[in-house]
Amino acid sequence: MTMLVFTFVLLVGSALRELLPLLVNGQATFAMIAKAFGLLIPFVFAFALPTAMLTSTLLVFGRFSADQELTAARASGISLVSLAAPILVLGLLLCGVSALINMQIAPSCRVAYNDLRSDMRTSLANFRLPEGQPVNFPAQTNGSSYTIYTRRNRNQNLQDVFILKIEQETNRTTIIAPTGRLELDITNQTLLLHLTNFDAQLPDGHSFSGSEWLVPIDLKAGDKTSVIPDTDMTFPQLREELKKSRISPPVPVSITQGGDAVKRKRRMQKLSSDVTEPIRIQLHKQVAFSFACFGFTLIGIPLGIRVHRRETNLGILVAVGLVLIYYTLQFIGQSLSSHAEYAPHLLMWIPNLVFQVTGAVLLWRANRGI
């Protein structure tokens with residue numbers, strides 16, 4: 001149940017931020033949205049599974065202690081470690097599930113989801129320019145981006161149209177027209193805005209008017225790209241990318257080449273580290289995060305007992321706090337990606353080390369009744 005709750009919360013959060021605007025603007029059908037939800041689920045599982053395991057452990061062992069069942073078990077000669085052993089084994093098994101999700105399934109689904117979302121943006125079958133709200137269109141092949149606003153849209157007949165065209169991120173052209181018409185070129189994936197009686201202001205401050213102006217917007221030039229970011233690569237893809245990104249010094253260093261060659265070699269080594277370090281970080285992060293279930297389980301058992309011994313109902317709050325600490329430690333390591341000399345890829349393992357060592361100590365103390 002905890003897993004379903006966290007999955008639902010994370011899924012709804014992603015959908016409201018990324019999918020709802022596309023549905024409102026008519027750029028996506030309900031079938032597309034359903035498919036997008038299906039592709040998002042594995043990506044959300046990667047974060048929901050460790051969090052759900054931690055929360056469940058805190059709540060179960062907290063209730064176990066609050067109902068004096070732990071005292072009864074100890075009176076029967078059963079230690080806390082014996083009681084916790086099946087839960088710890090389950091945590092290890094879930095580490096394998098997390099590894100499969102983090103290293104293969106989630107990145108693949110994330111790439112497919114991004115492709116589908118790009119297709120939604122460029123889908124013209126049900127496109128309708130919404131009334132009373134600005135719509136942003138990403139940079140075209142010529143480097144221009146558009147923001148379009150219309151007060152009324154009646155069967156693609158527009159009233160009070162405002163267009164902001166931005167070229168090279170600084171040059172702005174504004175176009176205002178009392179009426180216009182929107183045509184959809186499905187074959188070429190293009191919007192055609194026919195403006196009448198327009199007034200335009202150019203980047204240099206000059207203004208001019210006219211009776212007609214055609215504004216084409218090429219939707220094929222949206223944000224869909226064949227380049228997959230490091231964060232969306234599977235583990236094998238990251239390993240392959242790491243091999244490609246390695247840079248070898250072009251000049252062999254020898255005694256006869258003097259100090260300049262040594263400096264060149266050092267510069268090339270630093271360049272190689274700067275290029276490959278983000279990939280190394282993602283590689284280690286995928287593997288390290290797969291062991292989060294075990295660390296959360298190990299620290300959740302004694303903390304659940306201690307929290308409810310003090311007669312507090314902070315199980316969920318403690319779980320959220322621990323998750324924030326875990327991600328904060330990982331974020332610190334990622335923020336050092338430009339400083340390869342600190343080996344930030346190894347810092348991805350620090351949260352696991354902290355949680356597992358702390359959990360082992362707390363479990364040992366709880367087992368001894370300290």
Side-chain angles (χ1 to χ4, degrees), residues 1-11 13 41 44-102 287-331 348-370:
M1 181 60 68
T2 309
M3 179 69 176
L4 293 177
V5 170
F6 280 109
T7 301
F8 176 78
V9 170
L10 294 174
L11 200 60
I41 289 176
V44 169
F45 269 176
F47 301 93
L49 183 58
T51 307
M53 188 62 187
L54 173 61
T55 306
S56 300
T57 303
L58 285 167
L59 296 178
V60 168
F61 278 88
R63 177 55 57 190
F64 191 71
S65 176
D67 293 342
Q68 303 300 322
E69 295 178 0
L70 178 60
T71 303
R74 282 175 169 167
S76 303
I78 303 174
S79 66
L80 176 61
V81 173
S82 299
L83 291 171
I87 308 300
L88 294 175
V89 172
L90 176 61
L92 286 174
L93 293 176
L94 290 180
C95 288
V97 177
S98 294
L100 180 61
I101 294 175
N102 293 330
V287 180
F289 191 54
S290 300
F291 289 92
C293 284
F294 182 70
F296 285 169
T297 303
L298 197 58
I299 200 172
I301 293 172
L303 281 183
I305 294 173
R306 287 176 178 270
V307 165
H308 284 273
R309 275 183 176 174
R310 297 175 183 177
E311 298 181 357
T312 57
N313 296 316
L314 302 177
I316 296 179
L317 184 61
V318 171
V320 172
L322 290 174
V323 170
L324 289 176
I325 292 173
Y326 186 95
Y327 286 125
T328 299
L329 292 174
Q330 277 202 337
F331 177 77
M348 296 295 100
W349 294 91
I350 294 297
N352 287 337
L353 181 63
V354 171
F355 274 59
Q356 290 177 14
V357 170
T358 304
V361 172
L362 292 178
L363 184 60
W364 175 77
R365 288 171 61 88
N367 187 59
R368 292 174 59 90
I370 300 176

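Quantities reported herein were computed from a predicted structural model and do not represent experimental measurements. For reference, positions follow the sequence shown, starting with 1.
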Item to complete: Using the side-chain contact (heavy atoms from CB on, under 4.5 Å) rule, take Tyr326 and Asn352 through it: C-alpha gap first, then chi angles, then the decisive distance, then the call.
Response: CA-CA 8 Å; Tyr326 186 95; Asn352 287 337; 2.9 Å; yes

Item to complete: Might you work through the side-chain contact (heavy atoms from CB on, under 4.5 Å) test for Val357 and Leu353, ending with a clear yes or no?
Response: CA-CA 6 Å; Val357 170; Leu353 181 63; 3.9 Å; yes

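Annotation for Thr297 and Gly91: closest pair OG1-CA, 4.1 Å, computed over non-hydrogen atoms. Residues Gly359 and Pro302 share a closest heavy-atom pair of O-CG, 4.0 Å. Nearest approach of Ala319 to Leu54, heavy atoms of both residues: O-CD2, 3.6 Å. Scanning all heavy atoms of the two residues, the minimum distance from Ala46 to Pro50 falls at O-CD, 3.3 Å. In this structure, Gly304 and Leu58 approach most closely via the heavy-atom pair N-CD2, 3.5 Å.
Here OG of Ser65 is found 5.5 Å from CG of Leu70. Values are rounded to the nearest 0.5 Å. The distance from the CD atom of Gln330 to the CD1 atom of Ile325 is 13.5 Å, given to the nearest 0.5 Å. Atom-to-atom distance recorded for Leu94:CG and Ile87:CD1 is 10.0 Å, nearest 0.5 angstrom. Interatomic distance, OG1 of Thr51 versus CZ of Phe296, reported as 6.0 Å (0.5 Å rounding).
At a threshold of 4.5 Å between non-hydrogen side-chain atoms, the residues Cys293 and Ser98 count as touching. Phe61 places a side-chain heavy atom less than 4.5 Å from the side chain of Leu80. Looking only at side-chain heavy atoms (C-beta outward), Leu322 and Val318 come within less than 4.5 Å of each other. Inter-residue side-chain proximity for Leu88 and Phe294 is flagged as met; some heavy-atom pair is nearer than 4.5 Å. With contacts defined as side-chain heavy-atom distances shorter than 4.5 Å, the pair Leu303/Leu362 qualifies. The closest side-chain heavy-atom distance from Met348 to Val287 is not below 4.5 Å. Between Phe355 and Phe291, every side-chain heavy-atom pair lies at or beyond the 4.5 Å cut-off. At a threshold of 4.5 Å between non-hydrogen side-chain atoms, the residues Glu69 and Arg74 do not count as touching.
In this structure, Phe47 and Phe289 have tilted ring planes: the angle between them lies in the 30° to 60° band.
Judged purely by atom type and a 3.5 angstrom limit, Thr57 uses its side chain to pair as donor or acceptor with the backbone of Met53. Distance alone, capped at 3.5 Å, places no donor-acceptor pair between the Ser82 side chain and the Ile78 backbone.
Under the side chain to side chain contact (heavy atoms under 4.5 Å, CB included) rule, Ile299 has a single partner from Leu363, Thr358, Val354, Val361, which is Thr358.
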